[in-house]
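In the text below, chain A, chain B and the rest are named by the order of the sequence lines, each starting its count at 1.
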Amino acid sequence: MSRLLDPVWPFMQLRRELSHLIDNLESNGGSTSGVFPPLNVWEDRDNYYAEAEVPGVAQEDLEVFTIGDELTIRGKREPMSGKGLTYHRQERGWGQFERVVSLPGDVDADKVEAHLHHGVLKVILPKAEEAKPRKITVTAA
Amino acid sequence: MATETLVRQGQSEVRRAEPARTRRVYAPLVDIIEQKDGLLLVLDMPGVEPGDIDIEYENGLLTVHGKVEPREQEDACYLRCEYGTGDFHRTFTVGEGIDADKIEAECKNGVVTLHLPKSEAFRPRRIEVKGE
């Protein structure tokens, strides 16, 4: 059956476009979109780097681990403690969080380093040997 | 006096970058909490060094500014980019019920906490009921 005669096809097309639109909305949301913590990930020749803004999260409440090419950041942020607190404005969230990101290649799990400095977590993930770019010499035939 | 008029937020846009010369500026997320003796302002300012925070109070305006060196890598290849880095800035309107001379601030783990004590006249008072 040709597409034009298929009664379902226009609906499938609409669905595809809607889901595309939703994906775009989500990726433009930034840190206010509800995903915590926001992450920046970049790489150079030898390492992957991941940085997350985790203000107010104590070092002992933060867990970082890697399996293969996956990095997981997990932790919790405590709510304000004390009796008789009346909130006039509450923009900061609290509770447990977890982010899992896939990296393009495997990392050397034994050499991963994580530092927390004034609420910014930075993870340095050395690439596994097989994930590093290799220079191949072109030989003339 | 309703406490909401004591502290009002000055900016409605949260976490949106605004061009300020060459640096980017972000409005930090804030919690405003009322306690018996005053108000607490809790601001998320990740990456700010305690020495780089400026807090000013003038004519009923409380301004919090945190200087942050942008951490973007210029020549790196970004795989994921969910936030930008730059200064933090937010202004609050403070009513006359606050004792501005006694405002205190501390910074821990990238969170700045400001304590704004209520002036004596605005603190809750217990009034004793006398019997006959």
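Counting heavy atoms of neighbouring residues, nucleotides and ligands inside a 6.0 Å radius, atom NZ of Lys111(A) does not exceed 12 of them. Counted within 6.0 Å of CH2 on Trp94(A), heavy atoms from surrounding residues, nucleotides or ligands total 12 or fewer; the atom is thus considered open.
With a 4.5 Å cut-off on non-hydrogen atoms, Tyr48(A) touches chain B through its side chain but not through its backbone. The contact between Glu49(B) and chain A is made by backbone and side chain atoms together, counting heavy-atom distances below 4.5 Å. Using a 4.5 Å cut-off between heavy atoms, Pro104(A) touches chain B through its side chain atoms alone. Only the backbone of Ala52(A) comes within less than 4.5 Å of a heavy atom of chain B; no side-chain atom from C-beta onward does. The contact between Arg77(A) and chain B is made entirely by side chain atoms (from C-beta outward), counting heavy-atom distances below 4.5 Å.
Classification of Arg92(A) and Asp44(B) as a salt-bridged pair holds, one side-chain N sitting under 4.0 Å from a carboxylate O. Taking 4.0 Å as the cut-off between side-chain N and carboxylate O, Glu72(B) and Arg24(B) count as a salt-bridged pair. Remark: Glu82(B) engages Arg99(A) in a salt bridge, criterion side-chain N to carboxylate O under 4.0 Å.
Leu61(B) has its side chain within reach of Thr93(B): a pair of non-hydrogen atoms, C-beta onward, lies under 4.5 Å apart. Within the 4.5 Å cutoff, the side chain of Tyr78(B) has no heavy atoms near those of the Glu43(A) side chain.
Residues of residues 57-76 of chain A that come closer than 4.5 Å to chain B, counting heavy atoms only, are Val57(A), Ala58(A), ordered by residue number.
Interface remark: of the candidates Val54(A), Val101(A), Leu103(A), Asp44(A), Val101(A) forms the most heavy-atom pairs closer than 4.5 Å to chain B. For the options Val111(B), Asn109(B), Asp31(B), heavy-atom pairs under 4.5 Å to chain A are most numerous at Asp31(B).
Nearest approach of Val68(B) to Arg71(B), heavy atoms of both residues: CG1-NH1, 3.8 Å.
Ring geometry for Phe97(A) versus Phe36(A): interplanar angle over 60°, hence perpendicular rather than tilted (30 to 60°).
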